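Below is one structure, written out as structure tokens, with a few remarks after it.
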Amino acid sequence: MTASLISVVAAEPAEGLQLRLRFEDGTQRLVDFAPFLRKSIHPDISKWLEPAAFSSYRIVHGDLVWGDYELCFPVADLYRGVIE
């Protein structure tokens with residue numbers, strides 16, 4: 001499947017700052033966002049380390065987003081299960 005056709009259809013919380021994602025082709029990935037978020041020194045990124053803030057994710061048009069697109073990752077990276 002090419003990156004332009006991939007979309008997230010479901011996201012469920014897992015342990016810590018991990019989400020179990022399901023994509024439209026049925027693929028599932030467990031993605032750990034903690035390393036990325038902990039590495040960031042920018043307050044607009046590190047604020048998502050707060051469990052209540054992190055759990056406010058939503059799926060919009062196949063993208064996984066937080067806030068008003070304040071935090072969003074390339075779907076292709078999510079599909080691979082690795083964010084940097």
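As the structure is a computational prediction, the values presented were derived from the model and not from experiment.
Cluster partners of V9: none. The rule joins Ile, Leu, Val, Met, Phe, Trp and Tyr whenever side-chain heavy atoms lie under 4.5 Å apart, and it links nothing here. Listed by chain and number, the hydrophobic cluster partners of V60 are V65, Y69, where partners are ILVMFWY side chains within reach of under 4.5 Å, directly or through others.
Every pair tested for side chain to side chain donor-acceptor pair (under 3.5 Å) that includes a residue from residues 51-68 fails, sequence neighbours excluded, so the list is empty. Listed by first then second residue, pairs satisfying salt bridge (Lys or Arg N to Asp or Glu O under 4.0 Å) with a partner in residues 74-84 read D77-R80, not counting sequence neighbours.
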| task | Any chance you could lay out the side chain to side chain contact (heavy atoms under 4.5 Å, CB included) test for L71 and L64, step after step, and finish with the verdict? | result | CA-CA 9 Å; L71 185 64; L64 181 66; over 6 Å; no
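To the nearest 0.5 Å, atoms CD1 (I83) and CG (D32) are separated by 7.5 Å. Rounding to the nearest 0.5 Å places CD of E12 at 7.5 Å from CD of Q28.
In this structure, L49 and F54 have side chains that are not in contact, with every pair of non-hydrogen atoms separated by 4.5 Å or more.
Cluster annotation: V8 and L30 are assigned to distinct hydrophobic clusters (Ile/Leu/Val/Met/Phe/Trp/Tyr, side-chain heavy-atom contacts under 4.5 Å, transitive). One hydrophobic cluster, built from ILVMFWY side chains closer than 4.5 Å, holds both I59 and V31.
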Please set out all donor-acceptor pairs under 3.5 angstrom arising from side-chain atoms of residues 33-46, sequence neighbours excluded.
residue: S40; atom: OG; partner: H42; partner atom: N; Å: 3.2
residue: H42; atom: ND1; partner: D44; partner atom: N; Å: 3.0
residue: S46; atom: OG; partner: H42; partner atom: O; Å: 3.2

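The shortest non-hydrogen separation linking G62 to V75 is O-CG2, 3.7 Å.
Judged by the 6.0 Å distance and 45° axis criteria, R29 is positioned over the aromatic ring of Y79.
In this structure E70 satisfies the salt bridge (charged side-chain N to carboxylate O under 4.0 Å, His left out) test together with K47, sequence neighbours excluded.
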